[in-house]
Each structure stands twice: as structure tokens, then as C-alpha cells.
Amino acid sequence: MNSSAVAPAKSSDFIRDIINDDLEAGRHKKVITRFPPEPNGFLHIGHAKSICLNFGIALEYREKLPDSGTRCHLRFDDTDPIKEDTLFEDGIQEDIRWLGFDWDGLYHASDYFEKMYEYAEHLITAGKAYVCSLSDPEIKEYRGSVTTPGRESPYRTRSVEENIDLFRRMRAGEFKDGEHVLRGKADMSNPNMKMRDPLLYRIRHTEHHMTGATWCIYPMYDYAHPISDAIEGITHSICTLEFENNRELYDWVVDNLIDYAKFPSCPHQYEFARLNLNYTVMSKRRLLELVEGKHVRGWDDPRLPTIAGLRRRGYTPESIRAFCTSVGVAKANSTVDMAQLEFCIRDDLNHKAPRVLAVLKPLKVVIENYPDTDVEELDASYWPHDVPKEGTRKVPFCREIYIEQDDFMLEPPKDYFRLAPGKEVRLRYAYCITCTDIIKDSNGAVVEVRCTYDPDTRPGSNPVNRKVKGTIHWVSARHAVDAEVRLYDRLLLEEAAPAGKDSEFLHSINPNALQVLNNCKLERSLATSQPGDRFQFERQGYFIADSKDSKPGAPVFNRIVTLKDSWARSQKK
RNA sequence: UGGGGCGUCGCCAAGUGGUAAGGCACCUGGUUUUGGUCCAGGCAUUCCGAGGUUCGAAUCCUUGCGCCCCAGCCA
């Protein structure tokens, strides 16, 4: 792993504490984790937290326990054939690899369907499971509520022989969907609803993307997951908080099977708080709704917190890993500030992205005392003094240039360092210019600024006493490369999406989350930029040539993140 | 009126009886041809509240309060 953005001295959390404890007590000699996504959607940054945790632990402990067999599996939790697809598996694998991780073994829960079936028969034989023929609504009714105990199913007392016969016929396809289910015989009055005779198998006459038409009964998550873990020898099964109630059932399954199945490990489940970010949505349902409702341009829309979206937006894997490390792992529900993510990408790109000049909202400047026929090739460093990297390019300087509209003000406040009538600014890597006149259109808007330049301020030959506070970026009009630039901002207007179950959160979408600029002027050197190239557009932010739409000669850039802007901040007050 | 969890600075988060780490954000000053970076400094007498135990409590006890999760043949 090549994490350079943040190298925490010692990252510890309650899960690593547990692992250390288990190791010291001799309960385990190796650590095996797994990342178990359901292949029914795309990964988002919340998954990245889990990926960093599970794969990160394997990496760390493999170093501490070489040759121990410490590892992390990728396992697709594919127990519901209705929602799952190979397409998603490919995307998930790509995202994990892109994040910088590799799995020690790729598995599917469906690899174990035959074993699971065998174990189910064992459970029946042991009197721990039965075929229940209650209807869906009846099962719900018998389950009781959180405040009232459930009632036992009338089918609970079926004989082992009858149960086995029925279960085999379920497998053979003799029954329709919903006619029977296999249930664990646990405790209908358990205050933990998950323990009220949990469903283990349901009938689904649906082809599975891995097993095809082999099965028409499929195991439920609560049954399949602990078994998959145990078969793979998982030692620490890490999941999110909403599964806390399921842990008792997880243990029930393992306990009832471990002697019979001779599992290589007795896995235990530990839960941590999932990641939430403000000003965006993280749930599969909402992400799906945004994509299918065409509110964004697909799963990799840079407005989305999906891994694919962040990648296209220009986030680096290092920055996402650093972010996951920085937020920690704990059990308190929390919502991390987007500013923390933004810090991580700025921090990473600061020393990775070469600086270039680009004018996003151009304003023409004519330098009246500069000969129209002249062109000067000025040296411009790709790196600021504080980044220890070499590299320069030439930027052409001419009589007509573009500057940023925001860098000119008719009536500026005292602390405005940029261009204004009668005021002087430094052009980055070039001369100082002074505004002598302005040209307005019929509406009174400034369409052109006239300036004079001071030949004495040529870079490298500055007059000693020259104090010019402001430096602005610019691009030679004659040499500028036209480009489209997509300015991205937070997805939502509000910190938290409205909680409603309906599509209410759609009203909270920030209409300016994407702003497309079509008249941008880039410095000449950017004409040949390749998709995926990242730059800092000086004074503005970090940008990446879009992986899909940018072409050499016709660049399209995405804004990854703005630079911090203390001027803008002070102006808001 | 059930059960399982959680409550430490605006946002994360260490801390597990010895007198509140760190990061983000924010504020101040310095450096600076990016109002960026970097550097220096500031930012919880207090840990959801109230009692109690103790020489000493965020950490132990009691008792309130608040928030999250569980009644899919989803995961």
C-alpha cells in the first residue's frame, strides 16, 4: 500500500483492541477478516470505510504475524437472486482495486449453498429447525411486536421426518414461492425479535447469477453469513451497528453447527458505526433513486459519494484512505463534516498536482503599451517553492490576455488586492499591470479592461521597493485553449437529507451542485492534457481532465475541490 | 410499559480511578509572485443532567434525560 497523504503513527480502535486481546490470550494465532458486499449496487465511501478497516487489519496483522495465514477475503453475499447481478460484482472489484486493496481469495456465499443445505438438514435432525407453512402475513402476526411476545407457529411441532421430507421437497421445487419456509427453532418470546424463530430458507423460483437454476430455495442472510464466515475461517466478522441485534442469531447458528460442521474457526461478529457525511446521501435506496430518476448522470456522477463518482471527480485513492483513517472507528452514530474529506484531497494533491494557469470566467485585458506583434515566452514553475519538485514550462505573454472576472472590481473595498481602476497587480510569472480604463457594454457591464504594464517588473528583475500585494492568474488570449469546465459543489443544500421515506430528499438537491462553464481559457500547455491528469488551477482549486469526455485538443475539466479561500470567507461576513 | 446500542469542543475522536490526546473547522500573527501551502499561537476548569462512593471520577454506583437499531420470505 502506498498511502502517502496521512501516515498515522498508530491507528488503534476498539476492534483492533479486541484483536490484540484475542491474540495475546491465544484465542487466535492469525486474523482473518472479510469484506462482504451484496452485489446489488455500487460501492460508496461508506463501504470504503469498511474496506479500509477489513483489508487494513489484514495488512497490519500480516506484518505482525508473518506466515500465519492472516488475510482478508472478498466475499459476495449473494443470497437473494432477485436483486443481484454479475455486473455489480465487476464494479465492486474495480473499486476495491482502485482503492489500493487486493483480496486473498474471492468467494461467494453461493459457493456454500450445498453445505448450507446439508447443515440445514442437520439442524432439522437436531430438532433445531422446522418447515413452517404459515403465510407471509401470518408469520408476521405470529412474530408479535417489540413490546409483545410472539406465538409459536402451529407447524413448530412437526416431526423430524416430516420436516426433512418437506424440506427436501422444497429443494426439489415441489412448492410455489412463499408456500413454506425453513425456520430456526429458537424462542418466540425472546425480547430480541431476531430470535423469534428466524427464517432460514425461503422458496424463490428465480435463477441465480452464479448458480443458475440449481436452486429454488435460498438461504437468508442471518443463516448464510455466519456459515460463510465459519467455513472461510473468519476470525473477526466486522459489520455495522444495525446488525447488533443479529449477533445473537449469528452465534446461535454457529453454536448449533460448529460441532457437526467442524468449522476451521469460531467467528465472532463486531459492529462499528457506519460512515455518514453531511450534505450528501449514502443509502443505497437514495443513490439508486438519484441515478434512476436521472437527477445525476449515472453511478459515476462526480456529485455522488460513490467510489466511481469520487474517482471521476478526481479524488485519489490515497486521499480516501487517509480520510477513512482520520475519521476513526467507533460505535457512536456520527456524521462527518464534508470539510474533512475535502481537507484530505487538498492535502494529497498539494504536492501531487502541478500548478497551471486557467481562467474560468474570462475578462479581456488589453495592455496598451505592449506591442501587438510581441510575444514573450516566460518561465513558469509547475511547483510552488514549498513543494520540492522540479519542472517548468513556458507561458506566452501578449498584448491581450484574459483574467478572472472576480479579479477585477469597479469599486473595491480597501482590502481588495486585485485589479481595479487605477490599481496595480502582479500577473503571475509576468509583469505588473495597472488599470487605466474600462470598457462597458450597453448594460453597463465591464467587458474589457485597459491596462499598462511596467517593463521594469519583468520576473527576475523587480525594482527593489516594488510592493504589489496582489498576484492574479491570466492566460494569453492569442494562445488560450478553449475548454469546458465542470464546477462541482455539495450535492445537497441541507446538512442532512430530510428523513422522509418518500423522495422528499430530492427537494434538497443543490441546483448548483454542477455548474458547466463553456468559455474557459486554459494556458497553452493544457492542450495536450490526457484524461485523468490532475492540476491545480492556481488560486482556484484542483481539477482533473474528465475520464470520459476530455480529449486532447478539446479538454473537459472537473473541479475536484476548491482551494481554501480566506478572502471569500471574509467577504461572506 | 420489550430488547440491543450510544451520549467527551461546531464535526470526528482518544481516554478504562490520578487530575481532558489528536485531526477537521474556526480565530490571531509570521512567511509567501497562489488571499494556497507552511510556521507560531489560540480554541472543553470540563466530559448528557442530578445525586453518591473516593484523598481523587469523563472513567465506579444510583437515578433521570436524549438519540440510534430491531416487528422484510432484504442485507
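Chain A is the first sequence line, chain B the second, and so forth, proteins listed ahead of strands; every chain is numbered from 1.
In the set rA75(B), rC6(B), rG35(B), the nucleotide with an atom closest to the side chain of K331(A) is rC6(B). For A332(A), the listed nucleotide lying nearest its side chain is rA13(B); candidates were rG72(B), rA13(B), rU34(B). If you check rA71(B), rG35(B), rG36(B) against the side chain of L563(A), the one that comes closest is rG36(B). Listed nucleotides: rA71(B), rU34(B), rC73(B). Nearest to the side chain of E538(A): rU34(B). Closest to the side chain of H385(A), from the set rA71(B), rC69(B), rU32(B), is rU32(B). Distances were taken from every side-chain heavy atom of Q340(A) (C-beta onward) to each of rC70(B), rC11(B), rU34(B); the shortest belongs to rC11(B). Side-chain proximity of N350(A) to the nucleotides rU37(B), rC73(B), rC68(B) is greatest for rU37(B).
Proximity of S334(A) to the phosphate of rA13(B): a side-chain N or O atom is located under 4.0 Å from OP1 or OP2. Contact check, K284(A) against rA75(B): no side-chain N or O comes under 4.0 Å of OP1 or OP2. Within the 4.0 Å cut-off from OP1 or OP2 of rC27(B), at least one side-chain nitrogen or oxygen of R569(A) is found. Proximity of R75(A) to the phosphate of rA75(B): no side-chain N or O atom is located under 4.0 Å from OP1 or OP2. Contact check, T148(A) against rG2(B): no side-chain N or O comes under 4.0 Å of OP1 or OP2. Under 4.0 angstrom from either OP1 or OP2 of rG36(B) there lies at least one side-chain N or O belonging to S566(A). Between R539(A) and rG35(B) there is a side-chain polar atom (N or O) within less than 4.0 angstrom of OP1 or OP2. Residue R202(A) places at least one side-chain N or O closer than 4.0 Å to OP1 or OP2 of rA75(B).
Taking the C1' atom of each, rG5(B) and rC73(B) are spaced 27 Å apart, rounded to whole Å. With both ends at atom P, the span from rG15(B) to rC9(B) equals 16 Å, rounded to whole Å. Between the C1' atoms of rG10(B) and rA25(B), the separation comes to 7 Å (whole Å). For rA44(B) and rU19(B), the C1' atoms lie 15 Å apart once the distance is rounded to whole Å. The separation of rC24(B) from rG41(B), taken at their P atoms, amounts to 15 Å, rounded to a whole angstrom. Between the P atoms of rC11(B) and rC26(B), the separation comes to 15 Å (whole Å). Taking atom C1' on both rU59(B) and rU16(B), the two are 6 Å apart, rounded to the nearest angstrom.
A donor N or O paired with an acceptor N or O is not found under 3.5 Å between the base of rG5(B) and the side-chain atoms of N333(A). Interface remark: the D415(A) side chain does not form any donor-acceptor pair with the rG35(B) base, using a distance-only criterion of under 3.5 Å. For rU34(B), its base never sits under 3.5 Å from the side chain of Q540(A) at any donor and acceptor pair. Between the side chain of N192(A) and the base of rC70(B) there is no donor-acceptor pair of N/O atoms closer than 3.5 Å.
Closest approach of A358(A) and H473(A) over heavy atoms only: O-CD2, 3.2 Å. The minimum heavy-atom distance linking W474(A) with A430(A) is given by the pair CZ2-CB, 3.8 Å.
Annotated as anti: rG49(B), whose glycosidic dihedral deviates from 0 by more than 90°.
If you check the side chains of S319(A) and R346(A), you find no donor sitting under 3.5 Å from an acceptor. Checking Q536(A) against Y382(A) by side-chain atom types alone, no donor-acceptor pair falls below 3.5 Å.
Here Y221(A) pairs with H225(A), F243(A) under the ring-ring contact (aromatic ring centres under 6.0 Å, His included) rule; sequence neighbours left out. Listed by chain and residue number, F113(A), Y218(A) satisfy the ring-ring contact (aromatic ring centres under 6.0 Å, His included) test with H208(A) (two or more places apart in sequence, or in another chain).
Between the C1' atom of rA75(B) and the NZ atom of K83(A) lies a distance of 6 Å, rounded to the nearest Å. Regarding N278(A), its CG atom lies at a distance of 11 Å from the C1' atom of rC24(B), rounded to whole Å. In this structure, the CG atom of N276(A) is 9 Å from the P atom of rC12(B), given to the nearest Å. Rounded to an integer number of Å, the gap from CE of M193(A) to P of rG2(B) is 14 Å.
Partner assigned to rG2(B) is rC70(B), using Watson-Crick or G-U wobble distances below 3.5 angstrom.
Using a 4.0 Å heavy-atom distance criterion, R196(A) is classed as making no nucleic acid contact. In this structure, V356(A) reaches neither bases nor backbone, as no heavy-atom distance under 4.0 Å exists between it and the strands shown.
Relative to the six-membered ring of Y142(A), R151(A) meets both conditions, a distance below 6.0 Å and an angle of at most 45° to the axis.
Below 30°, between 30° and 60°, or above 60°: for Y431(A) and Y453(A) the angle between ring planes is above 60°, a perpendicular geometry.
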